[in-house]
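Source: prediction; values computed, not measured. Hydrogens, waters and symmetry mates play no part in the numbers below; they use all other heavy atoms, side chains included. In what follows, every chain begins at residue 1, and chains take the letters A, B, ... in the order their sequences are listed.
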Amino acid sequence: MLQISRLREQKEAIIAAYKKRNVTDVQIAEISNLIQLDDERKSVQTENDALLSQVNSLSKGIGIFFKNGEQDKANAAKEQVAQVKERSKLLENKMKDIQQSIFDGLLTLPNVPHTLVPSGNTEDDNELFKAWDKELPELAENAKPHWELAEEYTLIDFKLGVKIAGAGFPLYRGKGARLERALINFFLDEAGKAGYEEILPPHLVNEDSARATGQLPDKEGQMYHAVKDNLYLIPTAEVPVTNMYRDMILNESDFPIKLTGYTPCFRREAGSYGSDVKGLNRVHQFNKVEIVQLQHPDKSYDTLMEMMQHVEGILQKLELPYRILRLCGGDLGFTSALTYDFEVYSAAQKKWLEVSSVSNFETFQSNRLKLRYKDVDGKKHLAHTLNGSALALARIVAALLENNQTSDGITIPEVLRKYTGFDLID
RNA sequence: GGAGAAUUGGCCGAGUGGCUUAAGGCGCACGCUUGGAAAGCGUGUAUACCUCAAAAGGGUAUCGAGGGUUCGAAUCCCUCAUUCUCCGCCA
């Protein structure tokens with residue numbers, strides 16, 4: 001959520017930057033609208049504060065009148081208070097309405113794209129930030145997609161998943177389950193080596209948390225909701241991990257705060273269909289290791305690069321062909337100021353699969369989180385938040401299975417062997 | 001799931017309707033003192049918003065959260081959250 005003060009101070013710059021993303025005229029108009037509402041709020045508050053001040057001093061007087069036995073004066077003052085309060089009540093309601101409108105309006109405004117964000121409307125307009133400069137793997141004619149390999153080697157049982165839960169809930173078994181666990185441990189160890197503190201958070205969160213990281217209200221339909229207890233199944237570890245710092249004031253010296261966590265991720269994926277959802281490409285439950293950083297605003301873009309290098313290092317160790325895209329305005333997430341996507345090449349499907357997304361949210365999340373820090377002068381400012389997947393497992397597994405298939409079986413990358421305990425799936 | 005107790009500032013802690021503008025202490029900052037330090041003494045020490053060109057100043061709200069009663073609420077009432085104790089259930 002943007003700050004109303006920022007709309008005032010940077011109105012023109014925000015409108016210019018918004019042109020890079022798919023914002024509607026309604027959203028542009030909303031900016032001026034909100035500033036006007038805020039003006040109104042201020043004048044109502046000024047008026048109401050004066051009335052309340054009057055009530056306070058009259059009440060104090062009544063106490064003194066009673067003590068002196070001056071009943072008449074006390075009663076007269078009571079009468080007066082009643083009148084003032086009636087007016088104040090009206091103003092108070094008006095102010096609540098205005099504030100609610102401002103809040104609702106702010107929720108409709110996406111983050112302001114960074115200057116590096118290319119303009120464009122769809123994923124085709126994303127900028128190739130780093131291409132794969134070696135040759136793409138060519139598989140034999142009879143190469144199989146991962147869903148066939150998974151079945152052939154009894155690694156993943158999609159049918160059993162359907163029986164137990166439903167479509168999109170894969171059941172991993174045998175070496176498939178082992179590979180999954182190996183990847184989780186490998187990713188966590190890599191993050192640990194890079195200085196991230198490991199967190200194992202709750203997998204369900206309350207409404208406040210879902211709201212603070214922005215899943216509510218915009219993505220309500222994408223989350224599983226346990227209605228009886230009003231808890232939401234997390235769509236990513238970002239939600240519980242970032243919420244650790246909700247309503248907190250940090251010291252400047254606390255930066256950077258680096259956190260990592262493995263969690264299963266639950267997504268309803270309402271409305272998706274077609275070949276994209278086949279196998280592990282798009283599922284309702286998958287495993288992911290997330291990295292999160294809280295950083296000083298002056299340093300957050302250096303941190304973004306650092307996080308990208310971390311993800312890149314992992315992909316290199318896994319020996320997977322990858323490329324990095326800088327998302328265009330149209331493809332940029334609602335809350336992000338700048339995002340880089342990592343895609344891994346799936347040789348059998350002959351397409352690039354998104355396996356990581358690394359973003360700087362600047363103050364967009366911290367404003368709603370009320371996550372601030374004190375500078376040396378004791379002044380409070382919003383911190384910057386960043387996060388990235390390092391990495392999402394399902395599609396990595398898909399690519400590993402497909403790219404590493406040989407006539408003898410599926411080979412396990414060197415770095416993973418000490419985690420899996422085997423070097424070939426056959 | 002049932003019963004009881006609690007929640008006050010950075011921390012401890014007093015406060016059962018109006019001299020509370022939240023006592024007192026600890027901590028912290030600054031000053032005095034000192035060769036330097038400690039002790040001692042003095043001063044200051046929450047947040048958000050409004051007002052003001054700015055600063056100073058003034059105002060409003062906030063005692064776990066939200067409502068209510070009252071001219072007036074930390075204090076009385078209701079709902080909720082959290083913590084502790086006991087009982088029940090349980091990996």
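We find that CD of Q3(A) is positioned 14 Å from C1' of rC49(B), with the value rounded to whole Å. For the pair D229(A) CG and rG1(B) P, the computed distance is 9 Å after rounding to whole Å. rA46(B) atom P lies 10 Å from atom NZ of K380(A), rounded to whole Å. Between L382(A) atom CG and rA48(B) atom P there is a gap of 11 Å when expressed in whole angstrom units. The distance from atom NE2 of H381(A) to atom P of rU47(B) is 13 Å, rounded to the nearest whole Å. Rounded to an integer number of Å, the gap from CZ of R246(A) to P of rA65(B) is 15 Å. rA65(B) atom P lies 17 Å from atom CG of N206(A), rounded to whole Å. As a whole-Å value, the separation of K370(A) NZ from rC49(B) C1' is 13 Å.
With C1' as the reference atom, rA56(B) and rC41(B) are 29 Å apart, rounded to whole Å. Comparing rG66(B) with rC30(B), their C1' atoms sit 41 Å apart, to the nearest whole Å. The P atoms of rU34(B) and rG13(B) are separated by 39 Å, rounded to the nearest whole Å. Rounded to a whole angstrom, the distance from the C1' atom of rG88(B) to that of rA46(B) is 44 Å. Taking atom C1' in both rU51(B) and rU45(B), one finds a spacing of 25 Å when rounded to whole Å.
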Polar pairs (N or O, both sides) under 3.5 Å between protein and nucleotides 79-82 of chain B?
none

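With a cut-off of 3.5 Å on both Watson-Crick or G-U wobble distances, the partner of rG9(B) is given as none. Using the Watson-Crick or G-U wobble rule with both distances under 3.5 Å, rC19(B) pairs with nothing in any strand shown. Across the strands present, rG4(B) finds its partner in rC84(B); the criterion is a Watson-Crick or G-U wobble pair with both atom distances under 3.5 angstrom. With both pairing distances under 3.5 Å, rC32(B) is matched to rG40(B) as a Watson-Crick or G-U wobble pair. If you check rA91(B) for Watson-Crick or wobble pairing at under 3.5 angstrom, you find it has no partner at all. Nucleotide rG66(B) forms a pair with rC78(B), judged by Watson-Crick or G-U wobble geometry with both contacts under 3.5 Å. Nucleotide rG72(B) is matched to nothing when pairs are restricted to Watson-Crick or G-U wobble geometry with both distances under 3.5 angstrom. Base pairing annotation: rC49(B) forms a Watson-Crick or G-U wobble pair with rG59(B), both donor-acceptor distances under 3.5 Å.
In the displayed structure, R6(A) atom CZ is contacted under 6.0 Å by more than 12 heavy atoms of other residues, nucleotides or ligands. Shown here is E152(A), whose CD atom has more than 12 heavy atoms of other residues, nucleotides or ligands within 6.0 Å. Heavy-atom neighbours of E306(A) CD from other residues, nucleotides or ligands within 6.0 Å: above the threshold of 12.
A salt bridge links D38(A) with R41(A): the distance from a Lys NZ or Arg NE/NH1/NH2 to an Asp or Glu carboxylate oxygen falls below 4.0 Å. Of the charged side-chain nitrogens involved, at least one lies within less than 4.0 Å of a carboxylate oxygen, so that D39(A) and R8(A) count as a salt-bridged pair.
Among residues two or more places apart in sequence or in another chain, the side chain to side chain contact (heavy atoms under 4.5 Å, CB included) test is passed with K20(A) by P113(A), V117(A), S119(A).
Residues H296(A) and Y373(A) bring their aromatic ring centres within 6.0 Å.
Where R372(A) and L58(A) meet RNA chain B, the nucleotide closest to each residue was compared, and R372(A) sits on the side nearer the 5' end.
The main-chain N or O of E354(A) is found under 3.5 Å from a side-chain atom of R395(A) such that the two form a donor-acceptor pair. No side-chain donor-acceptor contact under 3.5 Å links N360(A) to the backbone of L304(A). No donor-acceptor pair under 3.5 Å is formed between the side chain of N68(A) and the backbone N or O of E70(A).
The stretch residues 33-43 of chain A comes close to RNA chain B through R41(A), K42(A), each having a heavy atom under 4.0 Å from the strand. Using a 4.0 Å cut-off on heavy atoms, the residues of residues 72-95 of chain A that approach RNA chain B are K78(A), V81(A), K85(A), listed by number.
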Practice prompt. Kindly determine whether K96(A) and E92(A) satisfy salt bridge (Lys or Arg N to Asp or Glu O under 4.0 Å), including the steps that lead there.
Written response: CA-CA 6 Å; K96(A) 266 187 199 161; E92(A) 221 154 81; 5.5 Å; no
*Go through the steps to decide whether E86(A) and K89(A) satisfy the test salt bridge (Lys or Arg N to Asp or Glu O under 4.0 Å), and finish with yes or no.*
CA-CA 5 Å; E86(A) 206 171 309; K89(A) 196 83 194 164; over 6 Å; no
Protein-proximity profile, nucleotides 57-62 of chain B, B/S/- by nucleotide at the 4.0 Å heavy-atom cutoff, equals --BSS-
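With no hydrogens or angles considered, no side-chain donor-acceptor pair links Q215(A) and Q222(A) at under 3.5 Å. Counted by atom type alone, Y322(A) and E343(A) present zero donor-acceptor pairs between their side chains at under 3.5 Å.
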Please list, one pair per line, the donor and acceptor atoms closer than 3.5 Å that link side chains of residues 411-419 of chain A to other protein atoms, with sequence neighbours excluded.
{"from": "E414(A)", "atom 1": "OE1", "to": "R417(A)", "atom 2": "NH1", "distance (Å)": "3.4"}
{"from": "R417(A)", "atom 1": "NE", "to": "I412(A)", "atom 2": "O", "distance (Å)": "2.8"}
{"from": "R417(A)", "atom 1": "NH2", "to": "I412(A)", "atom 2": "O", "distance (Å)": "2.8"}
{"from": "Y419(A)", "atom 1": "OH", "to": "D189(A)", "atom 2": "OD2", "distance (Å)": "2.6"}

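Two residues are said to be in side-chain contact when any heavy atoms from C-beta on lie closer than 4.5 Å; Y224(A) and Y232(A) fail this criterion.
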